[in-house]
Amino acid sequence: MPRALKPEKVRPALPSGFRDFGPAEVRRRRRLLHTLAQIFEQYGYEPLETPAVELLSVLLGKYGEEGDKLLFRILNSGDFLAGVPDEATQSSTTLLPYITDKALRYDLTVPMARWVAQHAGELVFPFKRYQIQPVWRADRPQRGRFREFYQCDVDIVGAEGIVPLLEMIDIARAGLKALGIQGAVLHLNHRALLEYAAQEVKWPAEQFGTFCARLDKADKIGWPTVEALFREEGYTLPAWLNPGLDVSEALFNEIAKVPSLQSDLSVLPSLLGSSDEALRVKWDPTLARGLEYYTGYVYEIRVPGSGVGSIAAGGAYASLVSDFGGPDLPAMGLSFGIERIFALLEDTGASEAGPSSVLVAWIDASPTYVQHIVRTLHAAGQSAFAYPAPKKLTKQLEYAQRRGFRWIVIVGAHEEQTETAQLKDLHHHTQQTLPLHALAEACQ
RNA sequence: GCGGGCAUAGCUCAGGUGGUUAGAGCGUCUGACUGUGGCUCAGAAGGUCGUCGGUUCGAGUCCGACUGCCCGCCCCA
């Protein structure tokens with residue numbers, strides 16, 4: 001577009017919490033995600049993609065009150081004010097339900113559950129899927145927190161218990177190993193143990209969520225502070241809840257008292273005992289996880305001392321699919337916090353150079369001849385393209401040099417007449433005249 | 001939802017106590033004897049100083065409001 005026709009210049013800017021990814025960054029991210037996807041496929045998980053937009057009715061109420069507020073809502077199309085009763089226009093809260101019925105997805109689990117409920121008839125259970133897509137949250141952005149970010153989820157629907165748990169842990173371990181992350185710790189807990197603990201301290205059952213939220217703060221504010229908070233309100237926490245202690249006999253004795261955990265007792269010691277440099281497993285009786293839909297095992301992976309918080313998390317959930325009218329299927333999932341993993345790997349990761357191409361520079365050759373050369377190189381499997389215009393050779397050379405290319409093919413009228421081309425090696429500062437058929441091989 | 005900071009060219013920033021045509025570096029574009037890279041040199045384009053209002057003879061500079069962005073908190077990945 002000619003500059004003169006441009007109505008007015010626009011400030012090149014992005015809304016808060018949204019990011020661009022330049023070529024080098026896209027390559028780095030893609031490579032990482034590809035690595036994870038391969039591992040998921042290895043365990044029999046199949047890819048799924050769902051749209052950015054979901055019906056509000058699907059999303060509302062799944063993430064708690066906080067989550068509902070963080071949904072990016074989409075204004076209805078057309079005359080969205082038509083049919084809105086006058087009294088509704090008094091405040092934004094009353095108006096909102098009338099003017100929006102869609103929102104950007106908030107996570108990948110709920111859309112997956114929606115899809116599974118919709119296709120339950122044709123699916124083979126247990127259904128295993130992985131999904132790597134962006135999600136959106138109308139959060140206040142800050143360091144390391146964005147309004148648009150990728151999630152990377154694996155879930156198995158129609159299975160429960162210790163075996164899926166072991167698989168999830170193996171996937172996490174394989175993933176961390178493949179990405180080169182060392183020294184991670186998986187904190188493991190079970191909602192049933194939390195319920196048991198709440199009963200033990202005689203915490204009101206209807207406020208179980210508050211109990212969990214308070215206990216969950218232990219990793220942030222420390223066990224003594226949590227203990228003191230409870231004591232202030234007259235609740236004495238049993239010693240076995242202290243996450244600082246090693247897996248004690250006392251803790252195992254308590255776990256043994258929880259009915260839904262009894263069958264797993266034979267496996268847990270070896271799981272917790274194994275030492276692995278990439279991922280250790282530690283029972284953490286204070287781990288609760290925020291999302292309300294978890295009903296069984298919950299887990300969270302952290303790298304001590306990394307300063308990036310948890311890098312993967314998940315758990316077992318029972319009724320998400322049946323909430324959408326689908327069959328009542330237990331499920332378990334693992335979500336890699338890939339934005340945090342990207343951040344973690346940023347310091348060590350060498351900058352990714354793009355694949356080198358051959359640039360065809362030209363002066364007074366015919367476009368047809370230039371096109372012919374590019375085709376010849378492509379036919380030989382070489383990545384190549386022509387400079388878009390016969391600009392000064394200096395410019396074309398500089399372009400190839402700045403792009404980091406090694407080979408540049410130069411043609412003019414003389415080369416076209418003789419069916420040849422100049423092949424210049426920018427690394428070794430050499431140049432030779434070659435017949436076309438020898439060109440591709442020379443720049444391997 | 002709460003608190004703090006900042007806002008001048010595409011980017012990073014200068015512009016003491018208000019005073020003519022707002023500057024630098026980087027980047028972009030053009031050129032330095034007709035077809036050869038990294039360097040150098042010369043030149044050009046690019047800003048309603050976030051927006052609106054106020055004080056003043058005069059505002060990038062002082063005051064207010066709004067908006068945007070950044071950083072914390074809640075919460076989260």
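Protein chains get the first letters and strands the later ones, always in sequence-line order, with residue 1 at the start of each.
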- Query: Are the charged groups of A:Lys62 and A:Glu54 less than 4.0 angstrom apart, N to O?
  - Reply: no
- For RNA chain B, whose closest nucleotide is more 5', that of A:Arg143 or that of A:Pro12? A:Pro12
- Query: Just to confirm, is there a sub-4.0 Å distance from OP1 or OP2 of B:G35 to any side-chain nitrogen or oxygen of A:Thr394?
  - Reply: no
- Query: Does the distance from a Lys or Arg side-chain N to an Asp or Glu carboxylate O, for A:Arg406 and A:Asp425, drop under 4.0 Å?
  - Reply: yes
- Task: Answer with base, sugar-phosphate or nothing: what part of the nucleic acid does A:Gln396 contact at a heavy-atom distance below 4.0 Å?
- Result: nothing
- Tell me, for nucleotides 26-34 of chain B in 5' to 3' order, what letter each nucleotide earns: B for a base near a protein heavy atom under 4.0 Å, S for only sugar-phosphate near one, - for neither? --S-S-S--
- Among B:G37, B:G10, B:G35, which nucleotide sits nearest the side chain of A:Glu398? B:G37
- Does the base of B:G38 carry an N or O that pairs as donor and acceptor with the side chain of A:His429 under 3.5 Å? yes
- Would you mind classifying the nucleic acid contact of A:Gly144 as base, sugar-phosphate or nothing, using non-hydrogen atoms under 4.0 angstrom? base
- Item | Closest listed nucleotide, where the reference is the side chain of A:Asp364 and the choices are B:G35, B:C76, B:U36 | B:G35
- Query: For A:Gln131 and B:A77, what is the distance between atoms CD and C1' respectively, to the nearest whole Å?
  - Reply: 15 Å
- Mutual orientation of the aromatic rings belonging to A:Tyr63 and A:Tyr106 [parallel < 30°, tilted 30-60°, perpendicular > 60°]: tilted
- Message: Can you confirm whether more than 12 heavy atoms, excluding those of A:Gln118, are under 6.0 Å from its CD atom?
- Response: yes
- List the steps, then state whether ring pair (Phe, Tyr, Trp, His ring centres under 6.0 Å) holds for A:Phe40 with A:Phe336. CA-CA 12 Å; A:Phe40 303 154; A:Phe336 284 84; 5.8 Å; yes
- Among B:U36, B:A77, B:C70, the one nearest A:Lys424 by side-chain distance: B:U36
- Taken to the nearest whole Å, OH/A:Tyr293 to P/B:C76 is 12 Å
- Message: What I want to check is whether an N or O donor and acceptor connect the side chain of A:Glu415 with the base of B:G35 at under 3.5 Å.
- Response: yes
- Task: Considering just the side-chain nitrogens and oxygens of A:Arg289, establish if one lies under 4.0 Å of OP1 or OP2 belonging to B:A77.
- Result: yes
- Query: If you draw a 6.0 Å radius around OH in A:Tyr387, do more than 12 non-hydrogen atoms from other residues or ligands fall strictly inside?
  - Reply: yes
- Message: I need the CG-P distance between A:Asp139 and B:C75, as an integer number of Å.
- Response: 12 Å
- Item | Under 3.5 Å on both distances, the Watson-Crick or G-U partner of B:C49 | none
- Message: Taking only the P atom of each, what is the distance from B:U67 to B:C57 in whole angstrom?
- Response: 32 Å
- Message: Once you apply a heavy-atom cut-off of 4.0 Å, does A:Phe146 come out as touching a base, just sugar-phosphate, or nothing?
- Response: base
- For RNA chain B, whose closest nucleotide is more 5', that of A:Phe149 or that of A:Pro15? A:Pro15
- Message: Tell me whether the side-chain N/O atoms of A:Gln142 come closer than 4.0 Å to OP1 or OP2 in B:C73.
- Response: yes
- Does B:G72 pair with anything, Watson-Crick or G-U wobble, both distances under 3.5 Å, and if so, with which nucleotide? B:C2
- Task: Pick base, sugar-phosphate or nothing for A:Ser335, based on heavy-atom distances below 4.0 Å to the nucleic acid.
- Result: nothing
- Task: Sort out the partner of B:A7 for me: Watson-Crick or G-U wobble, both distances under 3.5 Å, none otherwise.
- Result: B:U67
- Using purine N1 to pyrimidine N3 plus N6-O4 or O6-N4 for Watson-Crick, or N1-O2 and O6-N3 for G-U wobble, both under 3.5 Å, which nucleotide pairs with B:C13? B:G23
- Item | Complement of B:A44, any strand, by Watson-Crick or G-U distances under 3.5 angstrom | B:U28
- Message: Please check: side-chain N/O of A:Glu339 versus main-chain N/O of A:Gly144, any donor-acceptor pairing under 3.5 Å?
- Response: no
- Note on the structure: Taking a pair to mean Watson-Crick or G-U wobble geometry with both distances below 3.5 Å, B:C62 pairs with B:G54
- Message: Please give the distance between the P atoms of B:A59 and B:G19 as a whole number of Å.
- Response: 11 Å
- Query: Given atom CD1 of A:Ile311 and atom C1' of B:C76, what is their separation to the nearest angstrom?
  - Reply: 16 Å
- Let me know the distance between CZ of A:Arg105 and P of B:C76, rounded to the nearest Å. 21 Å
- Query: Is any N or O donor-acceptor pair between the side chain of A:Gln422 and the base of B:U36 shorter than 3.5 Å?
  - Reply: no
- Heavy atoms of other groups near A:Glu441 CD, more than 12 under 6.0 Å: no
- Item | Salt-bridge criterion met for A:Arg402 and A:Glu398 (N-O under 4.0 Å) | yes
- Counting side-chain heavy atoms from C-beta on, which of B:C75, B:G37, B:U36 comes nearest to A:Ile410? B:U36
